[in-house]
Each structure stands twice: as C-alpha cells, then as structure tokens.
*Asks:* 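I have a structure I would like to understand better, so I am pasting it below and will then ask my questions one at a time.
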Amino acid sequence: MAEAAFHTWRAGPFDLALGRPLVMGILNVTPDSFSDGGAHDRIDLAIEHARRMLDEGADIIDVGGESTRPGAAEVSLEQEIERVLPVLSQLTTMGVPVSVDTRHVEVAEACVEAGACIINDVSGFRDEAMVKLAARHDVGVVIMHMLGEPGTMQADPVYTDVVAEVGEFLDSSVMSLTAAGVSRQRICIDPGIGFGKTLEHNLQLLRGIDEFATRGFPVLIGASRKRMIGEALGIDDPGDRLEGSLAVAAWSVTHGARIIRAHDVRETVRVVRMTARIASN
Ligand code: HH2
C-alpha cells in the first residue's frame with residue numbers, strides 16, 4: 001500500500017487523520033441523481049440518512065444538490081442553494097465534517113459560511129472565483145478531474161494517455177490553488193471516475209492510483225454504483241452494483257487511495273478497514 005505523505009487532511013476545524021482510509025458518505029439532496037435521486041430530497045429524510053451513514057462509520061458527509069450525470073436537469077443557483085443549505089446547516093451543528101459537492105462558487109460560498117469544511121468541486125477549481133473562495137477560508141478542497149462539462153462529457157471522450165493527462169490537470173489546479181494561498185495540507189485530488197471517461201479510461205485511472213498518490217496529496221476515489229461498474233459486470237440497475245463498488249474500494253485503498261466516496265457506507269467501511277488491516281504490516 002502506498003504511503004500517504006500527509007498524516008492528516010486539514011479541513012476547517014478538522015484535522016482528518018489519514019492513518020486509515022476515510023469513507024465519505026454520499027448525501028444527494030436531488031430529485032434526479034443516478035442512483036439515489038429522490039430518496040433524500042426532504043430535509044428530515046436527508047438528516048436521517050446522514051445520521052445512519054455516521055452510525056455506520058462515515059468520516060465525512062458529502063452534500064450535493066445538483067446531479068452531474070449526463071442528461072440531468074439544469075438547476076438554478078437558487079434551487080441548488082435551497083436544496084443543500086438547510087441540510088448542510090443542520091449537519092454542521094452536529095459537529096461532523098461536511099463537504100459541499102458543487103461546481104458553483106455561489107453555492108460553495110453559502111455552504112462554507114454555513115460551516116461546510118470541504119469544497120468538493122467536480123470541475124476541479126477551473127473557476128478562478130472558486131480558487132479565491134478556497135483561499136479566503138481555511139477549508140479542505142477536493143480537486144476532481146472532469147473532461148469538459150457534465151452534459152457532454154460522455155460524448156466520445158478521447159485521451160492519448162489518460163493517467164498523464166488527468167495528472168497534468170490536477171497538477172495545474174494544485175498550482176493555482178497553492179499560488180492563491182491554499183496550503184498543501186488542505187488539498188485532496190481525485191481522478192474523477194466516470195467524468196468524461198470510457199470504461200477503459202476508468203480502469204486505466206484505477207490502475208494508475210499509485211501514480212496519483214505519489215504526488216503527496218490524499219487521493220479520493222468515487223466509483224460507487226457508477227456506470228463503469230455496470231458496464232464491467234453487465235448490471236443496469238445502479239442499486240445492484242454493491243459488490244463491484246466494494247471491489248473498486250478495496251483495490252483503491254490497496255493502491256494508495258485514502259478517501260472512498262460511497263453510497264453504501266456500512267459495507268464500504270468494513271471493506272476498507274479490512275483491506276487496510278491486511279496491508280498494515
Ligand atoms: N462523483 C459524483 C459526484 N461528486 N465528487 C468527487 N470528488 N468524486 C466523484 O467521483 C464524484 C463526486 C457523481 O456521483 P453521484 O453523486 O452519486 O451522482 P449524481 O451526480 O447523479 O448526483
């Protein structure tokens with residue numbers, strides 16, 4: 001197992017220990033996310049689900065109000081804020097690390113002001129305003145790679161060397177964040193499984209995790225229930241992709257990933273803890 005260069009990931013008031021892999025529980029407060037759309041789009045249901053994930057061992061709750069699957073409905077900024085803010089505010093008062101999954105600076109800003117300790121930006125801090133926001137606050141950041149935009153990203157994605165190209169993108173985002181004043185201890189990188197990638201690209205990225213990990217930042221992998229698993233195993237129903245998701249989680253932590261973003265927290269926590277235990281020789 002590759003060594004994490006940092007022992008902790010700094011995220012606002014939290015120093016998240018990276019001695020064991022962390023699990024980020026997914027809380028989509030959307031009507032149309034690809035696997036759990038509509039399941040938690042009422043505040044009470046969302047909080048109940050977050051509590052369940054925390055009981056099951058989630059280290060971070062990732063709240064998102066916009067589905068980024070291709071074909072998802074457009075959401076206005078006001079709508080996205082209306083969806084995430086009440087849930088996120090309530091969770092932050094519980095003293096748990098909460099990240100906001102958004103590519104919109106206005107949403108990120110409202111959530112950081114309400115206590116979100118991580119900005120999880122699936123567009124990888126391409127927006128200078130998002131970089132400046134991160135620099136103004138002491139939050140953790142997840143830089144994720146996405147090819148193009150959600151609506152069109154799966155239309156024939158092409159790379160010459162996907163691991164190298166995704167790595168170059170992440171490096172350049174790291175540079176703009178650190179140049180703006182974000183300390184390296186606050187940065188986490190994510191190759192963006194399924195974001196403008198074919199099945200083969202996703203497999204290559206998973207084979208390349210060690211290479212991302214050698215950059216010295218914690219690596220996050222989010223493959224939970226994704227289409228790549230459906231394609232690899234011939235399973236259409238995202239709810240039936242648990243075993244494939246767990247296989248990716250075990251592979252990822254073995255190869256140096258430190259954070260796994262997951263829908264099925266109980267099972268994922270058990271798998272990553274067991275895998276890490278075997279590796280901790
Ligand atoms: N994947 C999704 C959303 N946010 N963030 C990071 N850092 N990494 C990921 O791989 C990632 C992410 C997409 O999955 P999901 O939230 O389950 O679906 P949807 O976009 O349909 O809401």
Side-chain angles (χ1 to χ4, degrees), residues 9 11 22-41 46 49-50 53 58-75 79-80 83-84 87 97-104 107-108 111 116 118-126 130 139-147 149-151 153-154 166 169-170 173 187-197 201-202 205-206 209 212 217-230 237-239 241-242 244-245 248-249 252 257-265 268:
W9 176 24
L22 305 181
V23 172
M24 174 186 263
I26 302 172
L27 186 58
N28 284 321
V29 285
T30 56
D32 57 349
S33 286
F34 79 93
S35 95
D36 56 354
H40 323 114
D41 61 353
H49 185 58
M53 291 194 288
D59 300 285
I60 302 162
I61 302 294
D62 189 37
V63 185
E66 179 201 35
S67 173
T68 43
R69 72 178 167 77
E74 286 268 321
V75 180
Q79 257 179 321
E80 196 183 339
R83 285 178 184 174
V84 292
V87 172
V98 182
S99 63
V100 55
D101 181 355
T102 187
R103 53 202 179 101
H104 301 120
V107 180
C111 290
I118 296 166
I119 302 173
N120 174 21
D121 179 4
V122 298
S123 66
F125 290 83
R126 288 182 222 166
M130 195 71 116
V139 290
V141 296
V142 180
I143 307 171
M144 198 202 79
H145 173 271
M146 166 166 62
L147 186 71
E149 299 299 324
M153 66 189 178
Q154 286 306 114
V166 168
F169 171 84
L170 296 173
S173 275
I187 296 176
C188 166
I189 56 174
D190 177 350
I193 298 299
F195 283 83
K197 284 111 186 170
H201 293 141
N202 290 313
L205 289 169
L206 292 172
I209 291 177
F212 294 112
F217 301 103
V219 174
L220 185 152
I221 295 292
S224 183
R225 299 186 186 175
K226 280 188 177 166
R227 195 168 68 181
M228 67 151 292
I229 292 166
D237 175 8
R241 295 176 184 162
L242 174 63
S245 306
V248 177
S252 300
R258 286 279 104 182
I259 300 133
I260 302 295
R261 185 177 179 274
H263 299 87
D264 302 289
V265 169
T268 308

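As the structure lists them, so they are numbered: ligands from 1, and atoms in each ligand from 1.
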*Asks:* Would you say Met24 and Ser224 make side-chain contact, with heavy atoms under 4.5 Å?
*Replies:*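 Met24 does not reach Ser224 side chain to side chain.
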*Asks:* What residue and heavy atom of the protein are closest to atom 6 (C) of ligand 1, and at what distance?
*Replies:*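 Answer, as residue, atom name and distance: Asp190 OD2, 3.1 Å.
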*Asks:* Give me the residue, atom name and distance of the protein heavy atom closest to atom 4 (N) of ligand 1.
*Replies:*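 Checking every protein heavy atom, the shortest distance to atom 4 (N) of ligand 1 gives Asp101 OD2, 2.8 Å.
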*Asks:* Check each heavy atom of Asp62 against ligand 1 and say whether those closer than 4.0 Å belong to the side chain, the backbone, both or neither.
*Replies:*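 Answer for Asp62: neither.
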*Asks:* What residue and atom, counting heavy atoms only, is the protein's closest point to atom 14 (O) of ligand 1, and at what distance?
*Replies:*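 So the nearest neighbour among protein heavy atoms is Arg261 NH1, 3.5 Å.
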*Asks:* May I ask you to check if ligand 1 and Thr68 share an N or O to N or O distance below 3.5 Å?
*Replies:*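 Yes: some nitrogen or oxygen of Thr68 is under 3.5 Å from one in ligand 1.
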*Asks:* Begin with the C-alpha distance, continue with both residues' side-chain angles, and end with the deciding distance and a verdict on side-chain contact (heavy atoms from CB on, under 4.5 Å) for Ile187 and Val141.
*Replies:* CA-CA 5 Å; Ile187 296 176; Val141 296; 3.8 Å; yes
*Asks:* In the structure I gave you, are the side-chain heavy atoms of Val107 and Glu66 within less than 4.5 Å of one another anywhere?
*Replies:*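 Val107 vs Glu66: side chains apart.
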*Asks:* Return the closest protein heavy atom for atom 18 (O) of ligand 1 as residue, atom name and distance.
*Replies:*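 Here the nearest protein heavy atom works out to Phe34 CD2, 3.2 Å.
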*Asks:* Which heavy atom of the protein is the closest neighbour of atom 17 (O) of ligand 1, given with residue, atom name and distance?
*Replies:*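 It is His263 NE2, 3.1 Å.
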*Asks:* For Met228 versus Leu206, what's the shortest heavy-atom pair and its separation?
*Replies:*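 In terms of heavy atoms, the two residues are closest at CE-CD1, 3.9 Å.
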*Asks:* May I ask whether Lys226 places a heavy atom under 4.0 Å from ligand 1?
*Replies:*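 So Lys226 counts as touching ligand 1.
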*Asks:* Could you state the interatomic distance from CG (Asp101) to CD1 (Ile26), rounded to the nearest 0.5 Å?
*Replies:*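 These two atoms lie 8.5 Å from each other.
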*Asks:* Donor-acceptor pair, distance only, cut-off 3.5 Å: does the side chain of Asn28 make one with the backbone of Thr30?
*Replies:*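 Absent.
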*Asks:* Quick check: closest heavy atoms across Ser252 and Ile260, and the distance to 0.1 Å?
*Replies:*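 For Ser252 versus Ile260, the nearest heavy atoms are CB-CD1, 3.8 Å.
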*Asks:* Note the single closest protein heavy atom to atom 21 (O) of ligand 1, along with its residue, its atom name and the distance in Å.
*Replies:*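 For atom 21 (O) of ligand 1, the nearest protein heavy atom comes out as Ser67 OG, 2.7 Å.
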*Asks:* Can you tell me which portion of Val122 lies within the under-4.0 Å heavy-atom range of ligand 1? Options are side chain, backbone, both, or neither.
*Replies:*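 For Val122, only side-chain atoms sit under 4.0 Å from ligand 1.
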*Asks:* Please check this pair: side chain of Asn202 against backbone of Ile193, looking for a donor-acceptor N/O pair closer than 3.5 Å.
*Replies:*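 Not a single qualifying donor-acceptor pair exists.
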*Asks:* Do me a favour and list the nearest non-hydrogen protein atom to atom 22 (O) of ligand 1 with residue, atom name and distance?
*Replies:*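 Here the closest protein heavy atom is Ser33 OG, 2.5 Å.
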*Asks:* Are the side chains of Val219 and Ile189 in contact, using a 4.5 Å heavy-atom criterion?
*Replies:*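 SC-SC contact between Ile189 and Val219 confirmed.
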*Asks:* Hey, is the main chain of Leu205 close enough, under 3.5 Å, to the side chain of Lys197 for a donor-acceptor pair?
*Replies:*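 The answer is no, because no donor-acceptor pair under 3.5 Å joins these two groups.
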*Asks:* Taking distance alone, with N or O pairs closer than 3.5 Å, would you say Asn28 contacts ligand 1?
*Replies:*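 It does: an N or O of Asn28 is found under 3.5 Å from an N or O of ligand 1.
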*Asks:* Of all the non-hydrogen atoms in the protein, which one sits nearest to atom 5 (N) of ligand 1, and at what distance?
*Replies:*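 That would be Asn120 ND2, 3.1 Å.
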*Asks:* Measuring from the heavy atoms of Val142, does anything fall under 4.0 Å of ligand 1?
*Replies:*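 Right, Val142 reaches ligand 1.
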*Asks:* Is Cys111 close to Thr102 at the side-chain level, that is, under 4.5 Å between some pair of heavy atoms?
*Replies:*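 Answer no - side chains too far apart.
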*Asks:* Does ligand 1 have any atom that is closer than 4.0 Å to a heavy atom of Met24?
*Replies:*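 Flag not set, Met24 not near ligand 1.
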*Asks:* Need the ligand 1 atom indices (1-based, order shown) with element for anything under 4.0 Å from a heavy-atom of Gly222.
*Replies:*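 So the answer, numbered in order with elements, is 10 (O).
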*Asks:* So, regarding Leu220 and ligand 1 (criterion: nitrogen or oxygen to nitrogen or oxygen, under 3.5 Å), is there a contact or not?
*Replies:*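 Leu220 vs ligand 1: no N/O contact under 3.5 Å.
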